[in-house]
Protein chains: 2
Amino acid sequence: MKITETGIKTALRQHGYKLTRQRLSVINAVISSKDSLTPADLYNRLNRHYPDIGLATVYRTLRLLDEMGLLCKLHTSSDCNSCTIGAPDRHHHLICSGCGKVIDFSCRSMAEFETSLAKETGFEIKDHLLEFTGYCQSCRIDHMQS
Amino acid sequence: MKITETGIKTALRQHGYKLTRQRLSVINAVISSKDSLTPADLYNRLNRHYPDIGLATVYRTLRLLDEMGLLCKLHTSSDCNSCTIGAPDRHHHLICSGCGKVIDFSCRSMAEFETSLAKETGFEIKDHLLEFTGYCQSCRIDHMQS
DNA sequence: TATCTAATTGATAATCCTTTTCAATTAGAT
DNA sequence: ATCTAATTGAAAAGGATTATCAATTAGATA
């Protein structure tokens, strides 16, 4: 299920949070980005068109999204605080080491794997995090040419 | 392949690093712990028996282990800086949300899955990170009793 | 629409966590 | 035993995140 601006607005209202200009601009920046963003990335990007936004508000809005289960944090080798929009309870990402692009993928066999792993180990699995890193198609070509 | 104190000593020598009391104590603390430890955890634990060790040395030793490819960082929901000994290039962990215990597991089918995913998406996969969180066998029992 | 109130904001200070600096110490070569 | 460069601990510096607080504002109410 894709998360839209409308969906997030609804979620904010349902949680009793106000729809402010600042929150909406942060949310739109996260939604419209193809790659993952750190709080500082977001702040810099927003500042170009909206010079008065505060860094604290960026952090606060991200925390809000996180609380509502609409933010997904990535954990690449270099950075653990960048994020994308998305339900964080099941992470399935391809992250390009070249350009930072994030590709979601679905994995039907994961549930099955989880079940057999739980049976083997006696572990009650509640969540998982699965991220592949490497080079996306266009970055592979760039690599070959250089 | 299990990583031992002897193995790490050899690695230090091969990289031209000196075998100091401080390094060995940090390394032993990481090796002997069943759950993952943050730098501060390590520092506090070491301080009990070795009051003069500096926090900076703990950080420096962890970085050294990381450089040599002997440290594996975990990324649980609450914390991204705890670590265990182990090759970090292929993460396969079960992490107990109750007691923090970390269980390694092997996954034969992952390579196969990786191949088909690469074919589907054109992505050249270099690394992955896979962590399951939940409750280990003994914590499940604790939960039921309480 | 005007008014009201509590939530929200930006700026700044405070609080982490981590790295750097530097003089003193020490491992390991000779 | 001596020497030298690596290593150390303490403290300062740096960076990221959170808390504080007066001013502003969203959204409810009349």
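Below, read A as the first sequence line, B as the second, and so on, with proteins coming before strands; counting in each chain starts at 1. The structure displayed is predicted, hence computed values, not measured ones.
Two different hydrophobic clusters hold A:Leu74 and A:Ile31 under the rule that ILVMFWY side chains link at heavy-atom gaps under 4.5 Å.
Using a cut-off of 4.0 Å between Lys/Arg side-chain N and Asp/Glu carboxylate O, A:Lys9 and A:Glu5 are scored as salt-bridged.
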Sugar-phosphate means primed atoms, P, OP1 and OP2; the rest is base. With that split, encode nucleotides 17-30 of chain D 5' to 3' as B, S or - using protein heavy atoms under 4.0 Å. BBBB-----BS---
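Regarding B:Leu37, its CG atom lies at a distance of 15 Å from the P atom of C:dC17, rounded to whole Å. A straight line from CD1 of B:Ile53 to P of D:dA10 spans 11 Å, rounded to a whole angstrom. Here D:dG15 presents its P atom at 16 Å from CG of A:Asp41, a figure rounded to the nearest Å. Atom-to-atom, OH of B:Tyr43 to P of D:dG9 comes out at 9 Å; the value is rounded to the nearest Å. When the C1' atom of C:dG28 is taken as reference, atom CG of B:Leu12 falls 14 Å away, rounded to whole Å. The separation between A:Glu67 atom CD and C:dA7 atom P is 14 Å, rounded to whole Å.
A distance of 6.0 Å or more separates the ring centres of A:His93 and A:His75.
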Bracket string, DNA chain C, 5' to 3' - pairs by Watson-Crick or G-U geometry under 3.5 Å, | interstrand: ||||||||||||||||||||||||||||||
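Put simply, NZ on B:Lys34 and CD1 on B:Ile103 are 10.0 Å apart, with the number rounded to the nearest 0.5 Å. A distance of 4.0 Å separates OG in A:Ser25 from CD1 in A:Ile53, rounded to the nearest 0.5 Å.
Residues passing the side-chain contact (heavy atoms from CB on, under 4.5 Å) test with A:Tyr59 are A:Pro39, A:Leu55, sequence neighbours excluded.
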Are A:Asp79 and A:Thr76 close enough, and set up right, to give a side chain to side chain donor-acceptor pair (under 3.5 Å), and what steps lead you there? CA-CA 5 Å; A:Asp79 171 31; A:Thr76 63; 5.1 Å; no
Under the criterion ring pair (Phe, Tyr, Trp, His ring centres under 6.0 Å), I'd like the reasoning laid out for B:Phe105 against B:Phe132: C-alpha separation, chi angles, the key distance, then a yes or no. CA-CA 10 Å; B:Phe105 67 92; B:Phe132 292 91; 5.8 Å; yes
